[in-house]
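Working notes, structure below.
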Protein chains: 2
Amino acid sequence: MRREQVVPASLDEAADSLARWVAEKRLIVVVGRCSVDYVGRSSSKLGEGDRLIIVKPDGSVLVHRPRGYSPVNWQPDSQYINVSLEGGRLLVRSVRERPREVLDIWFTKVYYAVSFQGMVDEARFYEYMDEHEFRDIIASHPEVLEEGLRVVETEKPVKGGYIDIYAVDSQGTPVIIELKRVRATKEAVVQLKRYVDYFQEHLGVRVRGMLVAPSVTRKAYELASKLGLECRQVSLDKLLKLRPKARPGAPSRSLFDYME
Amino acid sequence: MRREQVVPASLDEAADSLARWVAEKRLIVVVGRCSVDYVGRSSSKLGEGDRLIIVKPDGSVLVHRPRGYSPVNWQPDSQYINVSLEGGRLLVRSVRERPREVLDIWFTKVYYAVSFQGMVDEARFYEYMDEHEFRDIIASHPEVLEEGLRVVETEKPVKGGYIDIYAVDSQGTPVIIELKRVRATKEAVVQLKRYVDYFQEHLGVRVRGMLVAPSVTRKAYELASKLGLECRQVSLDKLLKLRPKARPGAPSRSLFDYME
DNA sequence: GCCTTGATGTCGCGT
DNA sequence: ACGCGACGTCAAGGC
């Protein structure tokens, strides 16, 4: 990273700097007293208060209150950002097209503003045991679900979606397997039922539907029973042990140990 | 807001300041070169790069890359945060219980660090035209959907959900109305069909199903036609004009005008 | 572009 | 504390 600038600033100074920083596509951090108006997919108004505002080089804008994970207002990306002085206040207007959304941040005070240019972040983000890996492990070890189960196809495309795993049991009956990496709710059961019905109709033979997840909600279990679908709970720990090999750059053993 | 501190900092200085700031529950902003390990509901590893890190007074932690709306790593809130020097690197470890999650941020450089204390933000966040208000406006003005429509009940509980509006048309036929504030997809059609079937079964008479939204996807429209359900598009602008009264602090007319 | 699914979703509300 | 549904969900991937 090459440069930075700081402005413990009057509104005038802040306006000048912000306008330039936006034009230069810097990463901008502002702490100030502001109110926020949003009109777009919804509409909202936030009264005056102290907030942290972030403007990224790609036009993303985040307005954070002092507490909580989520920004209170935001713009995932914006086509353009305008900085101006309006009636004694500093207005930062961020506009997004498609869908048309306008975010206005009205500053009455800028306690602090700083910007950065030339941040270098080319690193890869590795995620372990995501939906993909979860499926791969199950597909490689169908015996954890049922003896004699044979995987025919994964990510099988069907009308309007994908079947996670398409398998055949020891009796030769097709089994459609729907996976949920974390928790299966009744939504997952509905989805599975849709696929089972579709296949039953197309194949003209009985098809089993199996919902697989580390945890299954009671409602999901009841609905599955009613619809003649099966549920299998699988232990995440057991699956982790079946993981083929540590991928490059896997989290250190120490961190995993710390979790236990 | 009462105080601020700045540290364009060596790792040692940064460690001291960060530890104190965390203890004092300040809002902290750090820009530095770091790698990140996360283990919890998922596991991830992020290689070294320049990032913006935010630590809030309530223990929320956000790690932002230079682009995009979403943090690459985060902790919605953490029970405790530990700052230490480990093998020449500055480690910020944030731990959350229930679910157990550990986020490790390893700094090799701290370009910039600043903190704030005593931010005051008590303002109310008001959202307009949320799902509730959308329903209320439609329910108060059923004529925008059809002449002679009479609303019987809103938020009517049924098996496994709620009917947004239960109405009767000029012929005395029950009409089940499903609302989507933004866009109706085929999921909404499926939901509506479920309610219509349920009612038809229970009442033993023909029941109309009506899907109402500012926009309806093509797929949803096709599915609705196939299932004998109706779609009504309503203009958000028109609804806004039907809004009973401006609520305190409503977005200024100018911003709404700007949207048109 | 629209559509679909997954997410460390987060959040709020009800039981 | 869990379950459940909504969200300005966001973001990725297929068509």
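A note on names: the letters A, B, ... follow the listed sequences, proteins ahead of strands, and every chain is numbered from 1.
One can place NE2 of H132(A) at 13 Å from C1' of dG6(C), the figure rounded to the nearest angstrom. Taking atom CD of residue E101(B) and atom C1' of nucleotide dG9(C), one finds them 11 Å apart after rounding to whole Å. When rounded to the nearest whole Å, the span between CD of E127(B) and C1' of dG12(C) equals 13 Å. The CG-P distance, from D164(A) to dG6(C), rounds to 6 Å in whole Å. Here the C1' atom of nucleotide dT5(C) and the CD atom of Q191(A) are 7 Å apart, to the nearest Å. When rounded to the nearest whole Å, the span between CG of L223(B) and C1' of dT4(C) equals 15 Å. K180(B) places its NZ atom 13 Å from the P atom of dG8(D), with the value rounded to the nearest Å. Spacing between atom CD of E155(A) and atom P of dA12(D) amounts to 17 Å, rounded to whole angstrom units.
Taking 4.0 angstrom as the limit, K219(B) places a side-chain polar atom (N or O) nearer than this to OP1 or OP2 of dT4(C). When the side-chain nitrogen and oxygen atoms of R183(B) are compared with OP1 and OP2 of dC3(C), one or more of them lie within a distance under 4.0 Å. In terms of phosphate contacts, R181(A) brings a side-chain nitrogen or oxygen within less than 4.0 Å of OP1 or OP2 of dG9(C). Contact annotation: R41(B) side-chain N/O to dG9(C) OP1/OP2 distance is under 4.0 Å.
T217(B) comes within 4.0 angstrom of the backbone, heavy atoms only, and of no base.
When side chains are defined from C-beta on, M210(B) counts as touching R232(B), because their heavy atoms get closer than 4.5 Å. Within the 4.5 Å cutoff, side-chain heavy atoms of V31(B) are placed close to those of M119(A). Here the side chains of V144(A) and I137(A) are not in contact, with every heavy-atom distance at 4.5 Å or above. Put simply, the side chain of V102(B) does not reach to within 4.5 Å of the side chain of S94(B), judged on heavy atoms.
Taking every heavy atom of residues 51-75 of chain B and every atom of DNA chain D, pairs under 4.0 Å involve Y69(B), S70(B), by number. Using a 4.0 Å cut-off on heavy atoms, none of the residues of residues 192-200 of chain A approach DNA chain D.
E222(A) and K226(A) are not joined by a salt bridge, as no carboxylate oxygen comes within less than 4.0 angstrom of a charged side-chain nitrogen. Salt bridge E133(B)/R135(B): absent, no basic N to carboxylate O contact under 4.0 Å. Taking a cutoff of 4.0 Å between a charged side-chain nitrogen and a carboxylate oxygen, D237(A) and K241(A) do not qualify as a salt bridge. R100(B) has a carboxylate O that lies under 4.0 Å from a charged side-chain N of E97(B), or vice versa, which qualifies the two as a salt bridge. A salt bridge between R181(A) and D130(A) is absent, with no side-chain N of the basic residue lying under 4.0 Å from a carboxylate O of the acidic one.
The distance between the ring centers of F199(A) and Y166(A) falls below 6.0 angstrom.
Toward the 5' end of DNA chain D, the nearer of the two residues R218(A) and L103(A), judged by each one's closest nucleotide, is R218(A). Residue whose closest nucleotide on DNA chain C sits further toward the 5' end, between P76(B) and R98(A): R98(A).
In the set dA7(C), dG9(C), dT5(C), the nucleotide with an atom closest to the side chain of E131(A) is dA7(C). Between dG5(D), dT9(D), dT4(C), one nucleotide has an atom nearer to the side chain of K186(B) than all others, and that is dT4(C). Considering only the side chain of S42(B), dT8(C) comes nearest among dG8(D), dT5(C), dT8(C).
Taking the 5.5 Å centre cut-off and the 30° plane limit, the aromatic side chain of Y162(A) is not classed as stacked on dT5(C).
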